[in-house]
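Numbers here are sequence positions counted from 1. Order of listing sets the numbers, starting from 1, for every ligand and every atom in it.
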Amino acid sequence: MDGWLLDGTAAPMLPISDRGLQYGDGLFETIAVRSGTPRFLDRHIARLEAGLQALGFAAQPGAAPISPSLTETLSQVASEVARVASGRSAGVAKVIVTRGSADRGYRPPRIPQLRRLVGWFPSTPPPRHYYVDGVELRVCSTPASSNPATAGHKTLCRLDQVLACAEWDDPDTAEGLMLDTNGHIVGGTMSNFFCLRNDRLLTPALNTCGIAGIMRAVVLEQAAAAGLATRLVDLTLDELRDDDELFLTNSQFGIWPVRSLAGRGRRVGPRTRDLMSRLAAVGVEECAL
Ligand SMILES: Cc1ncc(COP(=O)(O)O)c(C=O)c1O
């Protein structure tokens with residue numbers, strides 16, 4: 001199957017009244033597929049469920065239950081992801097769930113009819129030197145918007161990232177780092193940010209903005225298993241030290257060590273390499289060096 005499934009049906013047309021299109025009223029997931037298997041599918045479904053709950057996609061208090069229910073929607077998403085992934089060697093399964101169509105106006109319908117889209121995209125692996133030598137990371141001037149109500153969730157509202165990515169098109173710069181309006185590091189435009197300092201692994205807390213990445217969670221678990229103390233912190237650029245090891249994570253690529261930040265060289269160190277080999281051992285094989 002190529003293209004998108006809309007509520008399970010191929011060759012779809014999305015109604016213009018869809019609230020995902022009109023207001024960004026929805027969530028998405030991008031799931032890496034390797035050898036026909038969606039990687040960390042359960043984690044993606046759990047994050048989607050948490051986002052749907054946080055946005056109030058379940059029945060409003062006192063309203064009739066929605067149909068399909070959240071549980072039904074999530075199990076349909078999981079089986080449609082498996083369907084688009086089947087027989088594929090490598091690529092991305094993208095899931096979008098919106099609050100469906102409604103009358104004009106922001107107010108959400110009391111009984112939303114959730115709409116789900118599941119699409120397939122082939123992907124080419126990132127350059128090997130991103131893993132071996134590390135990536136160049138720039139600092140974006142577009143700030144990340146803060147909103148504790150949506151922080152951590154993968155909502156469709158991604159205009160901050162769109163504007164940040166428009167700031168550069170030098171192919172040698174793999175990623176851009178985004179700060180909030182107080183100068184705290186949030187993460188890359190499409191990735192989470194980590195700083196390894198001595199025996200501690202630091203990553204932004206994401207209480208007010210950013211996305212709590214699937215690979216971020218896997219890395220935090222692997223770091224704890226490796227005996228590193230993990231800390232969710234507020235960190236500014238000035239607080240980074242010269243001998244910190246920096247790296248980025250994303251569910252598509254695993255870990256990319258950072259070899260330069262804002263034009264200044266950084267060292268790619270052994271503890272990052274150790275975490276990469278731990279990731280490779282739990283199925284993120286592109287991190288094997
Ligand atoms: C803004 C942002 N932060 C973090 C991530 C990493 O999340 P994940 O590890 O789930 O891919 C992404 C992924 O697209 C992202 O867009």
Open item on the list: Between W256 and F194, is the ring centroid distance below 6.0 Å?
Closed with: no
- [ ] Could I get the full list of side-chain hydrogen bond (donor to acceptor under 3.5 Å, both in side chains) partners for E245, not counting sequence neighbours?
- [x] R271, T272
Task: Between CD on residue E136 and CD on residue E175, distance to nearest 0.5 Å - done: 13.0 Å
Open item on the list: Students should be able to answer this: which protein heavy-atom is nearest to atom 6 (C) of ligand 1, and at what distance?
Closed with: N192 OD1, 3.7 Å
Open item on the list: With a cutoff of 4.0 Å, is R47 in contact with ligand 1, counting heavy atoms of the residue only?
Closed with: yes
- [ ] Starting from atom 2 (C) of ligand 1, locate the nearest protein heavy atom and write down its residue, its atom name and how far away it is, to 0.1 Å.
- [x] I211 CD1, 3.7 Å
Task: Close approach of G210 to ligand 1, heavy atoms, under 4.0 angstrom - done: no
Open item on the list: Using a 3.5 Å cut-off on N or O atoms only, is R158 in polar contact with ligand 1?
Closed with: no
- [ ] Determine whether more than 12 heavy atoms belonging to other residues, nucleotides or ligands lie under 6.0 Å from atom CD of Q113.
- [x] no
TODO: Report yes or no: does T189 have a heavy atom closer than 4.0 Å to ligand 1?
DONE: yes
TODO: Report the distance from atom CG of L177 to atom CG of L240, rounding to the nearest 0.5 Å.
DONE: 8.5 Å
Task: Side chain, backbone, both or neither: the part of Q252 lying under 4.0 Å from ligand 1 by heavy atom - done: neither
